[in-house]
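Structure first, commentary second.
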Amino acid sequence: MNNKKTIIYQLLPRLFTNSCDHCVVNGSKRQNGCGKMNDITTAVLNKIRDMGITHVWYTGVIRHALKTQYSGIPSCNPYIVKGNAGSPYAITDYYDIDPDIAVRVKNRIGEFQRLVARTHEAGMKVIIDFVPNHVARQYHSIAKPENVEDLGATDNKNIAFSPMNNFYYMPGQQFAPSINLGKGDEFYYEKPAMATGNDCFHPYPGVNDWYETVKLNYGIDYATGQRHFSPIPSTWHKMRDILLYWAQMGVDGFRCDMVHMVPVEFWNWVIPQVKEQFPELIFIAELYDVGIYRDYIFNGHFDYLYDKVSLYDTLRAVVTGNARAAAITGCWQAVEGIGDHMLNFLENHDEQRIASSEFAGDATRALPALVVATTMSRAPFMVYHGQELGEPARDAEGFSGRDGRTTIFDYWSVDTLRRWYNGGKCDTARLTSEERQLRRFYKKLLRLCNSEKAIAQGEFYDLMYVNGDSLNCDKVYAYYRHCEGERLLIVANFNDLDETVHLNTPQHAFQVMGMESGTYRCKELLSGSEMSLNVVPSEPATFVVPARNAVIIKLNRKD
């Protein structure tokens, strides 16, 4: 069992240290600037670690399709690139690093290796993306090792499907999506057309399809439904080699994109092989179907899965007044027995910012959700860069427009991050008082996750079943975390008003936690205040939980 709770900080180097304060909509790299790996210095990393972070997920470091041209690197047709900076999930070379984020482009691999080393020296581990389902339409590796065969290099393009092909083809048909493919020398021509990444097996994807990507072939003939896994398909071997390449580079884990679009049999085959050589590696699955969670844990060998459609969706609904706080109970019940394998979060690059008008409109409204997501279980928690500052995502940066998200497609500078980064000082001098206060809350809470054994290693006891008549179950959620005689009482208040809580602890809880009834000397860990609390099965304990906040009450000793 881990002594520390895994806390992941997701950042895009392209955005994270970009100090441009005059970005223009749809601007080029020259106009809007671009963050660099070298700017993520030891001082910056120490500030990240000091917040309680254990792992950094560097998003968008693998070379992907973009419109900026570089000498010695194949250019991309601009009509099949989303945004000027391109999607980090349209990979053009699995063995290369994005030139945008390098100071010396020819030394981009070396700059990444030094970033990995700095991160390790700062006491944190490194996670990068692994995108197994699709690649950019113009995929071509120029950085692969000499003994590696490129994806699609020996494909038979005259047949729609072969288990030894890396892509799916539509022989005789030309790629003809409902988007502008340019004209003249810039016209994008593809024949035979290849299947598009979101399982679009015709040559006419629309603007809402992943038209800039092509689907990888893992041996499933989608026309017949037949699965051809023996002999092992070519794609399996090539993707295993990619994982091993980055593991040898010092990467400590992979966030695997859209894993449910790749057969679980592949994961069952590849993860044990990679872990045989690198047993400490972690694999995180982006997965959106609770019904197949267990399959991808027990048969796919994933360490952690996104708990998006259960805990995230429920917490978001509670924060916005569209669900009762009591609904949170159903979240742990849905993953009972596998809860430690969930990855909890309130923001990432796909989701709308908490402080955006499309979500809560105010970062403080989600503080009770934050406490629940971080302390409810031993599962890891993930923070998206700028979340701890209340980034509101009000910009219409370019490709995506204003949608409550921070762009992953455009050259841009994120206001809150830019002011916190402050030319590398990483201080609070340019932050508002509200931003400072929010970051202090995150720091306090995340560090508690690692210092309190009951959170990092303990068991969970839900109090909602016995408090239906005494709690405001629409707005309040309560539970214990306990470990080896340490007990934390955690109550989250989603209300805009303070709640006077009358909380019952049933006799069964005393038995489970090995706790005697009586009056306890307590410390509320978020505020630091001390109190006495009468915890007995015969009557409720009474205390106040601040509006839009939570209490984490440590029951130190009985008077």
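Throughout, residue positions are numbered sequentially from 1 according to the sequence presented. Note that this is a predicted model, so its numbers are computed, not measured.
Around atom CZ of R394, no more than 12 heavy atoms belonging to other residues, nucleotides or ligands sit under 6.0 Å away. Under a cut-off of 6.0 angstrom, the local environment of NZ in K47 is sparse, with at most 12 non-hydrogen atoms contributed by other residues, nucleotides or ligands. In the displayed structure, Q248 atom CD is contacted under 6.0 Å by more than 12 heavy atoms of other residues, nucleotides or ligands.
Using a 3.5 Å distance cut-off with no hydrogens or angles, the side chains of N166 and S234 do pair a donor with an acceptor. Side chains of Q10 and T59: a donor-acceptor N/O pair is present below 3.5 angstrom, by distance only. Remark: the E391 side chain and the Y384 side chain contain no N/O donor-acceptor pair separated by less than 3.5 Å.
Ionic pairing of D150 and K238 is not present here: no N-O contact between side-chain nitrogen and carboxylate oxygen is shorter than 4.0 angstrom. Salt-bridge annotation for D98 and R108: absent, with no side-chain N of the basic residue lying under 4.0 Å from a carboxylate O of the acidic one.
Ring pair Y79/Y188: centre-to-centre distance not below 6.0 Å. Separation of the W246 and F278 ring centroids does not fall under the 6.0 Å cut-off.
Nearest heavy-atom pair, D410 versus G398, reported as atom, atom and distance to 0.1 Å: OD1-CA, 3.6 Å. Here the closest heavy-atom approach between residue M342 and residue Y304 is recorded as O-CD2, 4.1 Å. In terms of heavy atoms, F187 sits closest to G182 at CD1-O, 3.3 Å. The shortest heavy-atom contact between I7 and C449 is CD1-CB, 4.3 Å. Considering every non-hydrogen atom in both W267 and V259, the closest pair reads NE1-O, 3.5 Å. Smallest separation of non-hydrogen atoms from S28 and N84: N-ND2, 4.2 Å.
Applying the salt bridge (charged side-chain N to carboxylate O under 4.0 Å, His left out) rule to pairs touching residues 414-434 yields D415-R418, D415-R419, R419-E435, sequence neighbours excluded. Sorted by first and then second residue, the salt bridge (charged side-chain N to carboxylate O under 4.0 Å, His left out) pairs with a member in residues 353-372 read E347-R353, D362-R548; sequence neighbours excluded. Listed by first then second residue, pairs satisfying salt bridge (charged side-chain N to carboxylate O under 4.0 Å, His left out) with a partner in residues 54-69 read R63-D93, R63-D96, not counting sequence neighbours.
The side chain to side chain donor-acceptor pair (under 3.5 Å) check on D303 picks up K275, with sequence neighbours excluded. With sequence neighbours left out, the side chain to side chain donor-acceptor pair (under 3.5 Å) criterion links R316 to Y312, Q352. Remark: S357 pairs with R402 by the side chain to side chain contact (heavy atoms under 4.5 Å, CB included) rule, at least two apart or across chains. Y293 pairs by the side chain to side chain donor-acceptor pair (under 3.5 Å) definition with D307, not counting sequence neighbours. With sequence neighbours excluded, no residue satisfies side chain to side chain donor-acceptor pair (under 3.5 Å) with N38. Take Y211 and apply the ring-ring contact (aromatic ring centres under 6.0 Å, His included) test, not counting sequence neighbours, and it matches no residue. For Y95, the ring-ring contact (aromatic ring centres under 6.0 Å, His included) criterion is met by Y245, not counting sequence neighbours.
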N/O donor-acceptor pairs under 3.5 Å from side chains in residues 120-128, not counting sequence neighbours:
{"from": "H120", "atom 1": "NE2", "to": "G250", "atom 2": "O", "distance (Å)": "3.4"}
{"from": "H120", "atom 1": "NE2", "to": "D252", "atom 2": "OD2", "distance (Å)": "2.6"}

Compile the donor-acceptor pairs under 3.5 Å between side chains in residues 168-175 and protein atoms, sequence neighbours left out, one pair per line.
{"from": "Y168", "atom 1": "OH", "to": "N217", "atom 2": "OD1", "distance (Å)": "3.3"}
{"from": "Y168", "atom 1": "OH", "to": "I220", "atom 2": "O", "distance (Å)": "2.7"}
{"from": "Y169", "atom 1": "OH", "to": "D155", "atom 2": "OD2", "distance (Å)": "2.7"}

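Between F254 and F130, the angle of the ring planes goes over 60°, which puts this pair in the perpendicular group of the 30/60° scheme. Between F16 and W420, the angle of the ring planes lies from 30° to 60°, which puts this pair in the tilted group.
One finds the CG atom of L66 at 11.5 Å from the OG atom of S87 (value rounded to the nearest 0.5 Å). Between L343 atom CG and L305 atom CG the span is 9.0 Å, to the nearest 0.5 Å.
Considering T92, T196, T213 as possible partners of R137, the one that fulfils the side chain to side chain donor-acceptor pair (under 3.5 Å) test is T196.
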Handout entry: Stepwise side chain to side chain donor-acceptor pair (under 3.5 Å) test for D100 and Y70
Key = CA-CA 9 Å; D100 274 346; Y70 291 92; 2.4 Å; yes
